[in-house]
Every structure is written in C-alpha cells, then in structure tokens.
Amino acid sequence: MAFKSIIDEIENNLNKILDALSISDIKFSVEPAKPGFGDVSSNISFLLSKQLKKSPKDIAEMLSEKYQHYSNTLVLKTEAHPSGYLNFFANWEKLNQLILSESNLDEFGDVDIGKNTTIVVEHTSVNPNKALHIGHIRNIIIGDTISRILTKANYKVNVLNYIDDSGLQVADIIVGFTHLGFDQEPPDGKKFDHYCGDDVYVKTTEKYESDSSLEDVRKNVLKELEDGNSETAKLADKITRRVLTNQLKTCWNLSVFYDCLNFESQIIRSGLWSKIFEKIKEMNLIEFENEGKNAGCWIIRGTEKEEDKIIVRSNGTATYIAKDIPYAAWKLGLIDDPFHYQKYEKEQPHSRVLWQTTLDSNNESAKNFTGEKVITVIDSRQTRLQKIITSLMGKFKSISDAYVHLSYESVTLSAETAKILRLETGGKQAQMSGRKGLYVNADSVYDLLKKKTIEETKKRNPEMDPSEIEKIAHNVSVGTLRYEMIKQDLDKIIVFDLTKSLSLEGDTAPYIQYTHARASRILEKSKRTPLIDINFSLIKEKSELDLIKIIGLFDIYVRDAVNNLSPKVIARYCHDLAVAFNSFYEHVKVLELGDETLENSRLCIVNSFKITLEKALDLLGIVAPDRM
RNA sequence: GGGCCCAUAGCUCAGCAUGGAUAGAGUGUUGGACUUCUAAUCCAAUGGUCAAGGGAUCGAAGCCCUUUGGGCCCGCCA
C-alpha cells in the first residue's frame with residue numbers, strides 16, 4: 001500500500017464529505033502532487049464547480065475547512081490552492097514509517113489484479129532460419145517484461161514461443177542446403193543461426209532472382225514440409241531445431257525465459273485446423289464465395305470498407321492467417337488439446353523448466369499452457385491480420401478482451417548504421433530486412449556492449465577479479481540493451497544506431513544500476529543491518545523525503561503498467577528512483593555522521609531504496625550489481 | 001484509393017487514457033563540483049507559437065473536425 005494509504009485515506013474522507021453534501025457520481029482524482037504543490041492533490045473542486053455554482057477556488061476552501069473534521073492519520077494539513085486544486089500535506093513521520101517498513105516486505109509492490117487467473121503471453125516467435133536481430137529483440141524484451149509485470153500483478157503467466165518451422169523462410173534455407181550446396185556445418189566456429197541467416201538465407205533468396213527455376217523447387221520443399229515423414233521435413237526439423245537452440249541461447253543470455261515452445265509443424269499435423277474450420281463454418285463466421293474475384297474461396301467478410309479476407313484458397317489449402325486461428329483458439333483453451341509435452345532437450349537457466357509440444361504420447365503428467373486471457377506480442381505491421389483474429393476470438397469467448405494483440409512499432413536502422421552495412425539511404429532511416437541481410441544481429445550488439453563495459457568496469461575497479469568483472473559487464477550490457485528496448489512507448493519507432501546504443505550515460509540502465517552499486521557500498525561499509533524502529537522525526541531533508549516518497553509509489557506504477565500493458569512505466573519508475581537517490585547521495589551523508597541515530601535512519605532509507613530498486617529492475621529483467 | 005500509427009526544446013523522448021496549477025527528462029552547448037559513502041555522478045545556465053487551422057469548453061499539448069509532413073499496412077505470399 002505504502003503511499004497509496006494516504007491516497008485512500010483522502011479519497012475516503014472526500015467521499016464522506018460528498019455524502020454529507022448529498023452529492024454523488026463525482027469521479028474526482030486523488031493523485032501524488034506535482035513538486036511544489038504539497039504531497040497529494042485532488043481536482044475535486046473543478047468537478048463540483050458547475051453543480052455548486054461556485055468557483056473552484058471557493059469550493060477548495062470550503063472542502064479544506066470541512067476536511068478538518070474528519071479523522072486523519074496520514075494527512076497533516078490541507079491547502080486550498082488559488083488555482084482550485086485541493087492539496088494535502090502528509091504527516092511524513094507516520095508515512096515514512098509506513099513506507100520504509102512495507103518496503104522491507106517480499107511482497108512490496110505486489111498488486112492483485114490477476115486474482116491468480118492464467119494468462120498467456122506469446123512473444124519472440126521468430127522464424128527458425130536465422131539469428132535474432134535487434135528488431136526481434138524489441139519483441140522479446142517487451143514480451144518478457146510484460147510477463148514479469150503480470151506475474152507481479154498475481155497472474156499465473158504462461159510464456160509461449162511459437163516456432164514457425166514449416167513456413168516459406170524455412171523452405172528457403174532448406175533449398176540452400178539441398179540445391180545450392182551449402183554445407184551443413186558453419187565455417188570456423190560461426191554460430192549456426194548466424195550462418196543460416198547471414199549466408200544461406202541471404203544468398204539463397206538472392207539466387208531466386210537469377211534462377212527462376214528455383215521457385216518451383218521452393219514450392220515443392222514447402223509442400224514436403226507439411227508432410228512430416230518426408231526426407232525434406234526430417235532435414236528441416238534437424239536444421240530448425242539447431243537454429244532454435246542458438247536463438248534460445250541469445251534469449252537466455254538476455255534473461256528471457258519461456259514455459260513452452262509450440263511448433264507450427266505439429267499444429268498442422270495435429271489436424272486442429274480442420275476442427276476449427278468446421279466450427280467456424282457452423283458458427284457462420286466464414287462464407288463460401290460463389291462469384292467475383294474470390295470465387296471458390298472461403299472468406300471472412302470484411303466490415304464496411306475493409307476487404308474480404310481469404311481463409312481457404314480455391315484449391316482447398318489454408319492461407320497464412322488461417323494457421324493462426326487454431327493456434328489462437330488453442331491458446332485460449334477453446335479446443336481439446338491435441339498435444340503432449342516433453343522437456344526441451346537443453347536446460348533453461350534459473351532451473352525454470354522449458355516444455356515443448358509433441359504429438360507422441362509419453363509418461364509426463366498432463367500440462368496446461370493455455371490461459372483465460374492471451375496477449376500476443378507482434379509488431380504493428382500485423383495489426384490488420386491480428387484484428388481479424390481478435391474479432392474472431394471475441395465470438396468464441398464471452399470475456400471481453402480475452403485475446404489482445406500487443407502491438408509495437410518496429411526498429412529501424414539509422415542512416416549511419418545502414419551505411420556501415422553498406423546501404424546508402426541518403427540520410428533516411430532504413431527498414432531492416434532479413435532477406436537482404438540488412439540488420440544488426442543481437443549477439444553482435446551484446447558483444448560490443450560487453451567489450452565496452454568490461455573496459456569501463458576495469459577502469460573503475462583495477463584490482464577486481466576478471467570473472468567478477470565479466471559478471472558485472474554482462475549484467476550491465478544486458479541491462480543496457482533491455483532498457484533501450486523498453487524505455488519508450490510501444491508506438492514509437494526505435495531508430496537503432498550502433499554507436500549511440502553504446503552510450504552508458506544519462507537515461508540508460510547503467511545510470512540506474514550505478515545507484516544500486518552506490519547504495520550497496522554504503523550498506524557494506526556501514527557494517528551493520530539498519531534497524532527499522534528508528535526516530536522518523538530525524539528525516540526531514542528534502543532529498544530524503546523525495547526519495548522515500550518515490551519508494552512508496554512502487555505499487556501505483558505497477559498497477560499503471562499492468563492496466564495499460566505498458567512496460568515503459570516501470571522503466572521510468574526505475575529512472576525516477578535513481579534520480580532521487582543520486583540527489584540524496586549528493587546532498588546528505590550517510591556514514592560517519594557522529595550521530596548513531598541519524599546514521600541508522602539514513603541507512604534505513606538506503607536499504608529500502610536498494611531493495612525497491614532491485615524489485616523494480618527485476619520487473620525489467622535487469623540485474624542490479626553491488627559494484628560496478 | 002482505403003485503413004492504422006506518429007508529429008512537444010537543435011536531437012531522442014515523457015506528459016495525452018481521466019482537460020485544470022509553473023509543459024518535464026536525457027542528450028547537445030556553456031560554466032561549476034572528485035584529499036569526501038565510487039564523477040557510469042551532481043549543480044547551474046541555455047533551449048518550447050506542444051506541426052498548422054478551426055470547433056466545443058469558464059479552461060486545451062491533451063477532446064472533436066480539417067489540413068500538412070513522415071512511417072506502416074491493404075496478395076488465392078508467409
């Protein structure tokens with residue numbers, strides 16, 4: 001509750017006042033105040049202005065007076081601001097005690113929005129024919145962060161990664177291996193996923209332009225992929241699984257973990273499509289077109305100005321979007337589960353078990369990776385298709401918003417970075433393209449960051465053990481990359497610039513992580529555990545109060561992040577915490593004050609800050625080092 | 001042609017959902033602070049017709065409409 005306690009107290013009292021005035025249906029706000037306007041503000045006077053035929057200022061004065069007659073534990077005084085706002089000043093002695101003691105609890109920041117219901121978060125879902133590039137990373141980090149935040153909000157989260165192992169992109173590299181003579185072993189220790197993406201995929205698609213006969217080869221390969229028993233399918237299975245293992249390595253390195261891998265090939269072979277096809281036919285959600293350009297196809301009728309969408313071609317085969325329908329329905333638990341589950345062959349770090357679908361029965365107990373709600377993280381270019389899926393799922397499931405497409409803008413390359421990749425754009429940003437080899441691999445960005453952070457850490461800790469430096473550099477590099485992907489809103493394009501991405505100053509993860517290291521060192525040097533039963537009247541410096549206040553706002557921001565599915569809210573909160581701590585650090589001393597009691601009270605603040613920041617950063621998948 | 005998204009300081013972005021006080025950060029530039037709990041830091045200065053126009057409102061960066069500029073999507077491809 002923390003800071004929310006004072007908000008609730010004010011809200012209650014204001015409601016009582018309204019009751020006494022026989023006023024109802026007023027949805028006023030009670031929010032943390034802007035600096036300089038007390039601690040909590042309400043807009044209530046503005047909303048009453050019309051009804052009471054008085055100026056907001058007069059109403060604020062009236063309310064302020066009345067407020068005195070109600071019981072207050074956390075509010076010290078009220079103030080009617082000339083602008084009309086009703087401002088409240090906190091009893092900081094009590095509020096400090098409340099916030100600092102609550103911040104020591106494990107469940108600090110928890111909010112119960114999910115009520116322990118299940119929710120699916122699907123993210124990553126990259127074709128297993130290439131290495132992850134910086135654009136995929138945005139998807140992955142958004143998905144992982146959302147999963148962490150939803151878990152904090154008491155959802156039981158099932159994280160899924162959909163493996164499109166039977167699509168055109170996979171067919172392309174198989175063509176490369178079977179018809180263009182690419183060796184199945186990458187050269188000189190190159191990571192296999194990089195080799196498939198950088199070499200096999202790019203060069204094979206290049207070949208299509210000069211050799212049109214390859215088109216037929218490709219079509220055949222694609223067809224053979226659907227039949228699990230073909231030699232082609234077996235080769236593809238071997239290749240894609242090897243690429244997948246490499247991709248997962250990249251994800252795990254970034255502290256991204258999953259619960260289950262769902263293979264498209266198995267969805268196709270499970271026959272789920274024909275079941276759902278029958279069902280949507282029965283429900284009249286799909287129509288057979290007898291005439292016009294789509295004659296002979298099954299279509300979903302477009303609404304008003306939108307075009308009809310073909311689901312089954314006139315030759316009887318299902319289109320791309322059709323494949324998404326059974327999967328979406330499966331995720332929502334709307335159809336009998338055709339899968340068995342087995343543990344993934346490689347062990348996922350942090351002893352979180354990773355499962356994968358299989359069509360072969362085994363001895364594992366039954367699993368359920370579906371959810372009452374589903375969040376699918378896919379970039380905004382798929383909005384149109386996802387809208388169709390969403391509306392279709394809405395007709396299957398009565399809960400509103402059961403299926404959510406969490407959309408985000410793509411990552412583009414800055415003109416300078418494109419130039420490094422030998423693409424002249426005339427100063428404009430460029431869309432990445434796996435096909436054209438125009439992208440920046442995630443692994444290489446990590447490597448560059450790592451190299452730089454090792455240097456920086458060494459500089460500051462010349463005596464430190466190399467393995468310790470390595471560990472810190474890893475956490476800082478991962479933090480930097482993750483923070484860059486999450487700190488802005490989902491609807492903003494990220495223009496990725498290789499040089500700028502290496503910045504470790506300002507609004508970056510290292511800035512935030514550094515404050516944690518500072519706090520840790522103070523606690524370490526104090527050589528004692530701060531005691532919480534302190535004299536709170538000693539805390540009166542502005543920088544102290546500001547810091548405690550922000551600590552107390554944690555759950556409010558978690559709530560905000562969940563309700564708006566907005567990971568950046570937590571990123572900003574972490575940044576705010578760090579700014580407040582840095583200001584505290586510069587303005588007041590903690591150690592060697594010659595005043596045991598004051599020292600202890602400040603140590604309490606430092607400790608609360610440290611554990612709160614740790615929790616908040618954990619929601620972003622960022623580890624806070626004790627030294628850096 | 002139709003649809004979706006974006007436009008706030010030189011640059012990158014918060015604020016917009018739920019209208020109200022003084023529009024905030026970072027970065028850049030300029031100046032200052034390390035014999036001090038780590039300077040990956042802090043402090044200060046600089047920098048804004050909130051794209052343009054109109055509307056509703058006591059009140060608009062925010063809501064409605066129009067326009068402009070930019071991005072993306074619109075295949076019996078995936």
Side-chain angles (χ1 to χ4, degrees), chain A residues 27-29 31 33-37 41 43 45-47 49-50 55-56 81-85 87 127 164 166-172 222 289 293-299 302 304-307 309-315 317 319-321 323 379-385 387 407 409-410 412 428-429 431 453 456-457 459-461 476 487-489 491-495 497 500 503-515 517-526 563-564 566 568-569 572 575-576 578-579 581-583 585-593 602 606 627-628:
Chain A
K27 280 193 182 142
F28 57 89
S29 70
E31 291 168 330
K34 284 205 237 177
F37 297 102
S41 297
N43 67 348
S45 328
F46 296 107
L47 306 177
S49 179
K50 204 167 239 174
S55 74
H81 191 272
S83 64
Y85 269 104
N87 295 333
N127 287 301
D164 182 358
S166 44
L168 201 60
Q169 296 201 18
V170 168
D172 286 336
L222 191 60
E289 191 72 284
K293 58 172 183 170
N294 296 334
C297 300
W298 288 88
I299 56 148
E304 290 176 55
K305 287 170 187 165
E306 298 209 330
E307 294 269 317
K309 193 74 208 170
I310 293 168
I311 302 300
V312 177
R313 303 182 184 97
S314 53
N315 68 5
T317 57
T319 57
Y320 172 68
I321 183 174
K323 292 184 191 172
D379 78 66
S380 63
R381 286 172 294 202
Q382 299 240 26
T383 299
R384 217 186 174 89
L385 291 181
K387 231 173 115 183
S407 159
E409 272 295 343
S410 45
T412 63
K428 290 174 85 176
Q429 49 177 270
Q431 291 286 330
T453 49
E456 296 288 326
T457 313
K459 222 189 317 184
R460 290 166 177 81
N461 304 277
V476 174
K487 75 172 176 187
Q488 48 210 319
D489 226 329
D491 58 16
K492 286 284 192 310
I493 294 169
I494 294 181
V495 182
D497 186 276
K500 285 182 188 156
S503 164
L504 307 175
E505 285 162 19
D507 186 12
T508 63
Y511 171 90
I512 298 165
Q513 290 170 310
Y514 184 61
T515 60
R518 279 179 148 183
S520 293
R521 286 292 273 173
I522 292 176
L523 292 166
E524 189 189 319
K525 289 202 168 177
S526 78
N563 289 335
N564 296 303
S566 179
K568 71 135 200 265
V569 168
R572 297 191 74 80
H575 182 253
D576 288 351
V579 168
F581 182 79
N582 271 332
S583 172
Y585 187 93
E586 301 283 341
H587 286 100
V588 301
K589 260 183 83 72
V590 178
L591 301 177
E592 290 162 40
L593 294 172
R602 288 195 177 149
V606 174
R627 296 188 65 164
M628 60 187 279

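Reckoned from all heavy atoms, side chains included, excluding hydrogens, waters and symmetry mates. Here is how names work: the chains are called A, B, and so on, in the same order as the sequence lines, proteins then strands, and each is numbered from 1.
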Under 3.5 Å, is there an N or O donor on one side and an acceptor on the other linking the side chain of [X] and the base of [N]?
X      : N      : result
A/T383 : B/rC73 : no
A/T453 : B/rA40 : no
A/N563 : B/rA17 : no
A/R460 : B/rA40 : yes

Is there a donor-acceptor contact under 3.5 Å from the side chain of [X] to the main chain of [Y]?
X      : Y      : answer
A/T319 : A/I311 : yes
A/S49  : A/F46  : no
A/T515 : A/I512 : yes

A/Y85 aromatic ring stacked with six-membered ring of B/rA21, 5.5 Å and 30°: yes
Residues at least two apart in sequence or cross-chain that pass salt bridge (Lys or Arg N to Asp or Glu O under 4.0 Å) with A/E524, listed by chain then number, are A/R521
With a cut-off of less than 4.0 Å, is there a side-chain N or O of A/Y320 near OP1 or OP2 of B/rC76?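 So the side chain of A/Y320 is outside the cut-off, no N or O lying under 4.0 Å from OP1 or OP2 of B/rC76.
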Between A/R518 and B/rU41, is there a contact of a side-chain N or O with OP1 or OP2 at under 4.0 Å?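 So the side chain of A/R518 is outside the cut-off, no N or O lying under 4.0 Å from OP1 or OP2 of B/rU41.
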When you look for runs of 3 or more Watson-Crick or G-U pairs in a row, both distances below 3.5 Å, which of them include RNA chain B?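 The stems that RNA chain B takes part in, listed by first number, are B:1-7 with B:68-74, B:10-13 with B:24-27, B:28-33 with B:41-46, B:51-55 with B:63-67.
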Go through the steps to decide whether A/D379 and A/S410 satisfy the test side-chain hydrogen bond (donor to acceptor under 3.5 Å, both in side chains), and finish with yes or no. CA-CA 6 Å; A/D379 78 66; A/S410 45; 5.7 Å; no
Assign B/rC34 to syn or anti; the rule is syn for a glycosidic angle within 90° of 0 and anti otherwise.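 In terms of base orientation relative to the sugar, B/rC34 is syn.
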Please verify the inter-ring angle class for A/Y511 with A/H575; under 30° counts as parallel, over 60° as perpendicular, anything in between as tilted.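 The rings of A/Y511 and A/H575 sit tilted, inter-plane angle from 30° to 60°.
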